[in-house]
Amino acid sequence: MRKALAEAELALHEGEIPIGAVVVCKDRIIARAHNLTETLTDVTAHAEMQAITMAANELGGKYLTDCTLYVTVEPCPMCAGAIGWAQVPRIIYGAADPKRGFREYAPRVLHPKAESKGGILEEECRQLMQDFFKSRR
């Protein structure tokens with residue numbers, strides 16, 4: 001999760017919403033990403049989407065069945081859908097997102113065998129988001 005937080009910090013310094021993601025496969029980081037929605041002017045360029053694409057390219061296939069995704073904020077329904085289609089079996093996130101998180105709007109969108117766990121470095125992840133949005137107001 002610390003590596004995902006480092007990605008979130010990069011996003012912050014680039015003027016992006018500070019969310020970072022890392023994909024680990026067999027104890028090795030195979031993808032690191034952060035939000036690029038502003039940079040790419042693409043509403044789908046969330047950290048998770050970028051990380052899934054990078055990991056699939058690294059592995060040479062669309063399924064990430066031996067991987068764990070670490071992300072600083074609970075994925076939105078769009079990202080959770082992609083995570084489900086990629087068959088990621090483990091999703092670890094920092095801060096919950098009660099307004100836009102998948103658990104509120106699409107709690108069954110992940111792959112049926114997937115496990116998700118939140119609250120990892122939760123305070124640090126939440127504080128980064130809160131500070132970002134306070135600075136924007």
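What you are looking at is a predicted structure, and each value in this text was computed from that prediction instead of being measured.
Cluster membership for Ile120 and Tyr70, using ILVMFWY side-chain heavy atoms within less than 4.5 angstrom, is shared. Hydrophobic clustering keeps Val22 apart from Leu110 (ILVMFWY residues linked when any side-chain heavy atoms are closer than 4.5 Å, directly or through intermediates). Both Ile19 and Phe132 are assigned to one and the same hydrophobic cluster, defined by single-linkage of ILVMFWY side chains at heavy-atom distances under 4.5 Å.
Within the model, atoms CZ of Arg90 and NZ of Lys113 stand 13.0 Å from one another, a figure rounded to the nearest 0.5 Å. Rounding to the nearest 0.5 angstrom, the gap separating the CH2 atom in Trp85 from the CG atom in Leu64 is 14.5 Å. With rounding to the nearest 0.5 angstrom, the CD atom of Glu122 is 12.0 Å from the OG1 atom of Thr72. The CE atom of Met1 sits 7.0 Å away from atom CG of Leu5, with the distance rounded to the nearest 0.5 Å. To the nearest 0.5 Å, atom OG1 of residue Thr41 and atom CG of residue Leu36 are 11.0 Å apart.
Here the closest non-hydrogen pair linking Ala55 and Ala31 is N-CB, 3.6 Å. The two residues Cys79 and Met49 make their nearest non-hydrogen contact at SG-CG, 3.8 Å. The two residues Ala33 and Ala51 come nearest to each other via the heavy atoms CB-N, 3.6 Å. Across every non-hydrogen atom of Val73 and Met129, the tightest pair is CG2-CG, 3.8 Å. In this structure, Thr65 and Pro89 approach most closely via the heavy-atom pair O-CG, 3.3 Å.
Put simply, the side chain of Pro75 reaches to within 4.5 Å of the side chain of Val71, judged on heavy atoms. In this structure, the side chains of Leu128 and Glu9 come closer than 4.5 Å at one or more pairs of heavy atoms. Looking at heavy atoms from C-beta onward, Asn35 lies out of side-chain contact with Pro18 at the 4.5 angstrom threshold. A 4.5 Å side-chain heavy-atom check between Ile17 and Phe133 finds at least one atom pair inside the cut-off.
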side-chain contact (heavy atoms from CB on, under 4.5 Å) evaluation trace for Thr68 with Val23: CA-CA 6 Å; Thr68 300; Val23 177; over 6 Å; no

Steps toward side-chain contact (heavy atoms from CB on, under 4.5 Å) verdict (Arg2, Leu121): CA-CA 8 Å; Arg2 292 254 176 241; Leu121 299 180; 3.6 Å; yes

Criterion side-chain contact (heavy atoms from CB on, under 4.5 Å) on His111 and Val88, from CA distance to verdict: CA-CA 7 Å; His111 189 273; Val88 177; over 6 Å; no

Derivation and outcome, side-chain contact (heavy atoms from CB on, under 4.5 Å), residues Ile30 and Cys67: CA-CA 9 Å; Ile30 61 167; Cys67 299; 4.1 Å; yes

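Side-chain polar atoms of His34 and Glu14 form a donor-acceptor pair below 3.5 angstrom. For Asp42 and Thr44, the side-chain atoms include at least one donor-acceptor pair closer than 3.5 Å.
In terms of modelled atom types and a separation under 3.5 Å, the side chain of Glu16 and the main chain of Thr39 share a donor-acceptor contact. Of the possible polar contacts, none joining the His46 side chain to the Glu48 backbone as a donor-acceptor pair under 3.5 Å is found.
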Under 3.5 Å, which donor-acceptor pairs link side chains of residues 91-105 to any protein atom two or more places apart or in another chain?
{"from": "Tyr93", "atom 1": "OH", "to": "Arg103", "atom 2": "NE", "distance (Å)": "3.0"}
{"from": "Asp97", "atom 1": "OD1", "to": "Lys99", "atom 2": "N", "distance (Å)": "3.2"}
{"from": "Asp97", "atom 1": "OD1", "to": "Arg100", "atom 2": "N", "distance (Å)": "3.0"}
{"from": "Arg103", "atom 1": "NE", "to": "Glu74", "atom 2": "OE1", "distance (Å)": "3.4"}
{"from": "Arg103", "atom 1": "NE", "to": "Glu74", "atom 2": "OE2", "distance (Å)": "3.2"}
{"from": "Arg103", "atom 1": "NH2", "to": "Glu74", "atom 2": "OE1", "distance (Å)": "3.3"}
{"from": "Tyr105", "atom 1": "OH", "to": "Lys99", "atom 2": "O", "distance (Å)": "3.1"}

